[in-house]
Asker: 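Got a structure for you, questions after.
Every chain is numbered from 1, with letters handed out A, B, ... down the list of sequences.
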2 protein chains.
Amino acid sequence: MPRRSYAQYCAAARALDAVGERWTLLIVRELLAGPRRYTDLHADLPGVSTDVLASRLKELEADGLVERRRPGRAANTHHYELTPRGRRLRPVLAALAAWGADDLGEPRPTDAVRSHWFALPLLRAVRRAAPQAAGTAEVRLPGGPFRLLLDPDDPDGPGYADGPAEDTADRPDAVLTLDDATAADLAAGRLTLGAATARERLTVDGTTPLAAALRAAG
Amino acid sequence: MPRRSYAQYCAAARALDAVGERWTLLIVRELLAGPRRYTDLHADLPGVSTDVLASRLKELEADGLVERRRPGRAANTHHYELTPRGRRLRPVLAALAAWGADDLGEPRPTDAVRSHWFALPLLRAVRRAAPQAAGTAEVRLPGGPFRLLLDPDDPDGPGYADGPAEDTADRPDAVLTLDDATAADLAAGRLTLGAATARERLTVDGTTPLAAALRAAG
DNA sequence: CGGCATCCGTGACGATACTG
DNA sequence: CAGTATCGTCACGGATGCCG
């Protein structure tokens, strides 16, 4: 028996058949930052029950959006990772985040917060302020760092990734340091990159063209 | 008591709090084509139960995404219509439709079909083939016509509307005539606008620059 | 007739406990 | 660590009824 479907010959309805169930797109959001273990997913999706998470991951795997892989040879742990088709959902998450940012407001007392949840909005804020910026920008937030992968020629490319840039081949071209409140203001559009820099709520470090461009951005 | 929320300080999660429930985004899809009565919505959303439709519409109204209005003075019927904020969800539907078109395939025997469900994919196909096209293109499908509102300067503008262009002020600059199978092939990316025209599966009528541009499109 | 509200059976969801 | 098992609750889908 197939999963519950809208049974409509409509591209949007088909997409919702695949990713419209509760929690599914938030799982994709987590995996957009990079491969994750089951326990990590469970920790960064507060409120999801274990059985729902397991069943969503199975559905995503059956639909070819997620792959289960064992990272090392002898490890009995494994990672969940987006397939190319799964990664193509980033524009959907980006559109949702852009719309939702309009009245994001302040965090409510009951709201969970994770640093990488700011990645999509910050990517948008940076692109808006410096449309031609290219390279890797490491974002340092109190809760942990991530990287924005800026490529003006490929707006639907990888976009961002988790963690610091440790690999020498992937050394960041610029480092942005800010706090959660500034990230929230940037995400909600209450602040532009240039204004945040001018008010010293955000610092841009680096000697590359990207760093210069981000410092000069309005 | 508020509705069930993900309780995450994340723009995408907030968006899903508002429009992530079953049927909600499909209701928005219907209203993107223009105002609708309750019964019309129910007819074009096969499978939705009456109480769910009524409750979704109330939620959308409470969230400021939909307005209830009485069209005429003495009519006891009323229309549901998107607010500006509701209309800003079109990029979300467009992203979902673009992703879902990848494996839209052929209609299944159980699939419902409505002409205006092709509007978002056709808008994308036309924009891809003729990025600079501007004006109103009436699309004539066997199930009924609708209009694509092309404005290269405002990709997130109205986009499309229901029905023929009756208003003289809104007379179409071009008329596209095709059948459902051609629309499906265009939506799924199996066919480009130019190829459809070349194979005479689609005709472009009109003497305006827009009509000429659509005929010349690759 | 359009616009719901009510009732009811089923399945999805959420919390907790338990297992390989 | 990575799930499965169990169970109570709630949301959903279908049918029917009410009311202007």
Side-chain angles (χ1 to χ4, degrees), chain A residues 1-8 13 16-27 30-31 35-63 66-81 110 112, chain B residues 1-8 13 16-27 30-31 35-62 66-81 110-112:
Chain A
M1 187 66 177
R3 275 207 319 276
R4 179 167 61 166
S5 161
Y6 287 112
Q8 300 186 355
L16 291 170
D17 282 343
V19 299
E21 283 177 306
R22 189 163 168 76
W23 291 110
T24 303
L25 277 175
L26 293 186
I27 294 170
E30 293 302 309
L31 294 176
R36 284 281 194 288
R37 293 181 306 179
Y38 183 93
T39 310
D40 299 331
L41 287 172
H42 193 261
D44 281 345
L45 293 167
V48 72
S49 56
T50 60
D51 55 349
V52 167
L53 178 55
S55 110
R56 293 292 182 275
L57 286 169
K58 279 205 189 82
E59 294 166 6
L60 287 168
E61 197 184 354
D63 287 349
V66 159
E67 270 186 6
R68 266 180 75 157
R69 322 220 322 199
R70 15 212 82 211
R73 58 191 74 257
N76 72 352
T77 175
H78 45 260
H79 286 172
Y80 293 92
E81 187 173 5
T110 55
Chain B
M1 186 66 178
R3 275 205 322 276
R4 179 167 60 168
S5 161
Y6 287 112
Q8 300 186 355
L16 290 170
D17 281 343
V19 298
E21 282 175 310
R22 191 163 167 77
W23 291 110
T24 302
L25 277 175
L26 293 185
I27 294 171
E30 293 302 309
L31 295 176
R36 285 280 194 289
R37 293 179 306 179
Y38 182 91
T39 309
D40 300 331
L41 288 172
H42 193 261
D44 281 345
L45 292 168
V48 73
S49 56
T50 60
D51 55 349
V52 167
L53 178 56
S55 108
R56 293 292 182 277
L57 286 168
K58 278 205 188 83
E59 294 166 6
L60 287 167
E61 197 185 354
V66 159
E67 269 186 7
R68 267 179 72 157
R69 324 225 314 206
R70 15 213 80 212
R73 58 190 76 255
N76 70 352
T77 176
H78 45 259
H79 286 174
Y80 293 91
E81 187 173 5
T110 55
D111 277 346

Asker: Does C:dA5 have OP1 or OP2 under 4.0 Å away from a side-chain N or O of B:Lys58?
Answerer: yes

Asker: Considering just the side-chain nitrogens and oxygens of B:Arg4, establish if one lies under 4.0 Å of OP1 or OP2 belonging to C:dC13.
Answerer: no

Asker: Under the criterion side-chain contact (heavy atoms from CB on, under 4.5 Å), I'd like the reasoning laid out for B:Ile27 against B:Glu59: C-alpha separation, chi angles, the key distance, then a yes or no.
Answerer: CA-CA 12 Å; B:Ile27 294 171; B:Glu59 294 166 6; over 6 Å; no

Asker: Take B:Gln8 and A:Leu26 through the side-chain contact (heavy atoms from CB on, under 4.5 Å) test and state the conclusion after the steps.
Answerer: CA-CA 10 Å; B:Gln8 300 186 355; A:Leu26 293 186; 4.0 Å; yes

Asker: Name the residue closer to the 5' end of DNA chain D, choosing between B:Val48 and A:Ala54 according to the nucleotide with the nearest heavy atom.
Answerer: A:Ala54

Asker: Taking only the side-chain nitrogens and oxygens of A:His78, find out if one of them lies under 4.0 Å from OP1 or OP2 of D:dG3.
Answerer: yes

Asker: In this structure, how many angstroms lie between the P atom of D:dG3 and the CD1 atom of A:Ile27, rounded?
Answerer: 12 Å

Asker: Please report, rounded to the nearest Å, how far the P atom of C:dG2 is from the NE2 atom of B:His42.
Answerer: 12 Å

Asker: From the list C:dC13, D:dC12, D:dG3, which nucleotide is the closest neighbour of the side chain of B:Arg22?
Answerer: D:dC12

Asker: Regarding B:Arg68 and the six-membered ring of B:Tyr38, is the cationic atom NZ or CZ under 6.0 Å from the ring centre and inside 45° of its axis?
Answerer: no

Asker: So which heavy atom on A:Ser5 is nearest to which on A:Asp17, and how close?
Answerer: OG-OD2, 2.9 Å

Asker: Quick check: any donor-acceptor pair below 3.5 Å linking the side-chain of B:Asp51 to the base of D:dA15?
Answerer: no

Asker: Between B:Glu81 and B:Leu31, is the side-chain contact (heavy atoms from CB on, under 4.5 Å) condition met? List the steps.
Answerer: CA-CA 6 Å; B:Glu81 187 173 5; B:Leu31 295 176; over 6 Å; no

Asker: Mapping B:Ser49 and A:Leu57 onto DNA chain D by nearest heavy atom, which one lands closer to the 5' end?
Answerer: A:Leu57

Asker: Check the distance between C:dG2's C1' and B:Asp44's CG and give it to me in whole angstrom.
Answerer: 16 Å

Asker: With A:Leu53, which of A:Leu57, A:Asp51, A:Thr50 fulfils side-chain contact (heavy atoms from CB on, under 4.5 Å)?
Answerer: A:Leu57

Asker: Between the base of C:dA5 and the side chain of B:Thr50, is there a donor and acceptor pair under 3.5 angstrom?
Answerer: yes

Asker: Starting from C1' on C:dC4, measure out to CG on B:Leu53 and report it in whole angstrom.
Answerer: 10 Å

Asker: Check the distance between C:dC4's P and B:Arg36's CZ and give it to me in whole angstrom.
Answerer: 17 Å

Asker: Figure out the CG/P separation between A:Asp40 and D:dG3, and round it to whole Å.
Answerer: 12 Å

Asker: For B:Leu45 and C:dG3, give me the distance from atom CG to atom P, rounded to whole Å.
Answerer: 14 Å

Asker: Taking only the side-chain nitrogens and oxygens of A:Arg68, find out if one of them lies under 4.0 Å from OP1 or OP2 of D:dG3.
Answerer: yes

Asker: Can you check whether B:Tyr38 has a side-chain N or O nearer than 4.0 Å to OP1 or OP2 of C:dA5?
Answerer: no

Asker: Is any side-chain nitrogen or oxygen of A:Thr39 closer than 4.0 Å to OP1 or OP2 of D:dA2?
Answerer: yes

Asker: Give a yes/no answer on whether the side chain of B:Trp23 brings an N or O atom under 4.0 Å of OP1 or OP2 in D:dA11.
Answerer: no

Asker: Would you say A:Arg37 reaches D:dG3's phosphate, i.e. side-chain N/O to OP1/OP2 under 4.0 Å?
Answerer: no

Asker: Using whole Å, report how far CZ of A:Arg70 lies from P of D:dG3.
Answerer: 9 Å

